[in-house]
Amino acid sequence: MPGRIEAVVSDFGGVLTTPLVESFMAFQDRTGITAEHLGMGMQAATEANGGDNPLFEMERGEISEATFLEKLTAALEPLLGHPPEMHTFREIYFEALDPNPPMIELMRELKGAGYRMAMLTNNVREWEPLWRPMLPVDEIFETVVDSGFVGCRKPESRIYEIVLDRISLPAEACLFVDDVQVNCEGAEKAGMTAVHFQGTEQAIADMRAALGG
Ligand SMILES: [Mg+2]
């Protein structure tokens, strides 16, 4: 275990799973609602919500999934000209989401090599029973910081502090990996080394390099 890194802090969706874009494509195939519609709907829902993005509120556990879907449905209806069937979103999203075996194997190897392992996920409280069984979470990770249960989300500085509190290590000892650039920037601001996941091979190579080969 060379180098100064002692812990790995991994995202869940899009890193330990197949790309999230596949889930949005599956939703489009089944409902005709495109990712562009969803983006416009989210923007309209944010404006209707006084500037607070309801997705972020749900991810912080401030509103339920049901309330989030009501807000998004109300915003999408005038854009689509009909009420969308948003209640199918969760099922379709998870049906299209698979584990990413090489990344999971890397996490297992790093744990075996003595690294402390933590997961840091922006997630939805109601989705925990769906995502947790996809991975050997408890075998690999000593702690899971889930935005829906801690009341803050990446890239807010507080959520990186929660991870550091849980593992009792300084930020400089942590290697963070995430498929969302702003989350990596938040981790770097907190003092962690960050790898922006853009593909499995690239992320594994970059993580190994950051860990000192
Ligand atoms: Mg992600």
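Numbering of residues begins at 1 and proceeds along the displayed sequence.
Atom CD1 in Ile167 sits 12.5 Å away from atom CD1 in Ile162 (nearest 0.5 Å). To the nearest 0.5 angstrom, Asn122 atom CG is 5.0 Å from Lys154 atom NZ. Once rounded to the nearest 0.5 Å, the distance linking CG of Leu16 with CD1 of Ile140 reads 7.5 Å. A distance of 6.5 Å separates CH2 of Trp127 from CD of Glu65, quoted to the nearest 0.5 Å. Distance CE/Met117 to NZ/Lys111: 8.0 Å, rounded to 0.5 Å. From Glu47, atom CD reaches atom CG of Asn53 across 11.0 Å, with rounding to the nearest 0.5 Å.
Here Arg60 pairs with Glu156 in a salt bridge; the nearest charged N to carboxylate O distance falls below 4.0 Å. One finds a salt bridge joining Arg30 and Glu95 here, because a Lys/Arg side-chain nitrogen approaches an Asp/Glu carboxylate oxygen to under 4.0 Å. Taking the charged nitrogens against the carboxylate oxygens, Asp146 and Arg125 have no contact shorter than 4.0 Å, which rules out a salt bridge. Electrostatic pairing of Arg208 and Glu109 counts as a salt bridge here, judged by a charged N lying under 4.0 Å from a carboxylate O. The pair Arg116-Glu142 meets the salt-bridge criterion, since a charged nitrogen lies less than 4.0 angstrom from a carboxylate oxygen.
A single hydrophobic cluster is seen to contain both Val163 and Leu169, as judged by linkage of ILVMFWY side chains at heavy-atom distances under 4.5 Å, directly or through other members. In the hydrophobic cluster analysis, where Ile, Leu, Val, Met, Phe, Trp and Tyr join through side-chain heavy atoms closer than 4.5 angstrom, Leu72 is grouped together with Val124. Clustering ILVMFWY residues whenever any of their side-chain heavy atoms sit less than 4.5 angstrom apart, transitively, puts Met119 in a cluster other than the one holding Val150. In terms of hydrophobic clustering, with Ile, Leu, Val, Met, Phe, Trp and Tyr side chains grouped at heavy-atom distances under 4.5 Å, Ile92 and Leu69 are assigned to a common cluster. Criterion: ILVMFWY side-chain heavy atoms under 4.5 Å apart, direct or through other members. Under it, Phe56 and Phe149 are not part of a common hydrophobic cluster.
Here the side chains of Asn183 and Tyr160 are in contact, with some heavy-atom distance below 4.5 Å. Side-chain contact between Glu185 and Pro155 is absent, with no heavy atoms from C-beta onward closer than 4.5 Å. In this structure, the side chains of Glu62 and Asp52 stay at 4.5 Å or more apart for every pair of heavy atoms. Two residues are said to be in side-chain contact when any heavy atoms from C-beta on lie closer than 4.5 Å; Cys174 and Thr193 fail this criterion. Taking 4.5 Å as the limit, some side-chain heavy atom of Ile159 sits within range of a side-chain heavy atom of Ser147. No side-chain heavy atom of Glu22 sits under 4.5 Å from any side-chain heavy atom of Leu97.
Nearest approach of Ser10 to Met107, heavy atoms of both residues: OG-CE, 3.5 Å. Heavy atoms only, all atoms of each residue included: Pro102 and Thr200 are closest at CB-CG2, 3.7 Å. For Ala75 against Ala44, the heavy-atom pair with the smallest separation is CB-CB, 4.0 Å. The shortest heavy-atom contact between His37 and Leu76 is O-CD2, 3.4 Å. The two residues Pro99 and Ile104 come nearest to each other via the heavy atoms CB-CD1, 3.7 Å. Nearest heavy atom pair, residue Cys152 against residue Arg158, reads SG-CG, 3.6 Å.
In this structure, the ring of Phe89 has its center less than 6.0 angstrom from the ring center of Phe27.
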### Query
When you look at Arg132 and Asp138, which way does the side-chain contact (heavy atoms from CB on, under 4.5 Å) test go after all the steps?
CA-CA 9 Å; Arg132 259 193 177 259; Asp138 295 318; 3.1 Å; yes

### Task
Start with the C-alpha gap between Ser157 and Lys189, add the side-chain angles, then the distance that decides, and say whether side-chain contact (heavy atoms from CB on, under 4.5 Å) holds.
CA-CA 8 Å; Ser157 60; Lys189 213 185 276 178; over 6 Å; no

### Task
Please report the C-alpha distance between Leu38 and Ile33 in whole Å, then the side-chain angles of each, then the deciding distance to 0.1 Å, and finally whether the side-chain contact (heavy atoms from CB on, under 4.5 Å) criterion is met.
CA-CA 7 Å; Leu38 289 175; Ile33 301 171; 3.9 Å; yes

### Task
Show the numbers, then the answer: is there a side-chain contact (heavy atoms from CB on, under 4.5 Å) between Ile63 and Lys71?
CA-CA 10 Å; Ile63 61 172; Lys71 289 174 188 258; 4.2 Å; yes

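Judged purely by atom type and a 3.5 angstrom limit, Glu6 has no side-chain atom pairing as donor or acceptor with the backbone of Pro170.
Each of Asp11, Val144, Val9, Asp178 was evaluated against Leu120; a single residue qualifies, Val9, per the side-chain contact (heavy atoms from CB on, under 4.5 Å) test.
Remark: Glu85 CD is loosely packed, at most 12 non-hydrogen atoms of other residues, nucleotides or ligands lying under 6.0 Å away. For Glu77, the CD atom is densely surrounded, since the number of other residues' heavy atoms within 6.0 Å is greater than 12.
Ring geometry for Phe12 against Trp131 counts as tilted: the plane angle lies between 30° and 60°, on a 0 to 90° scale.
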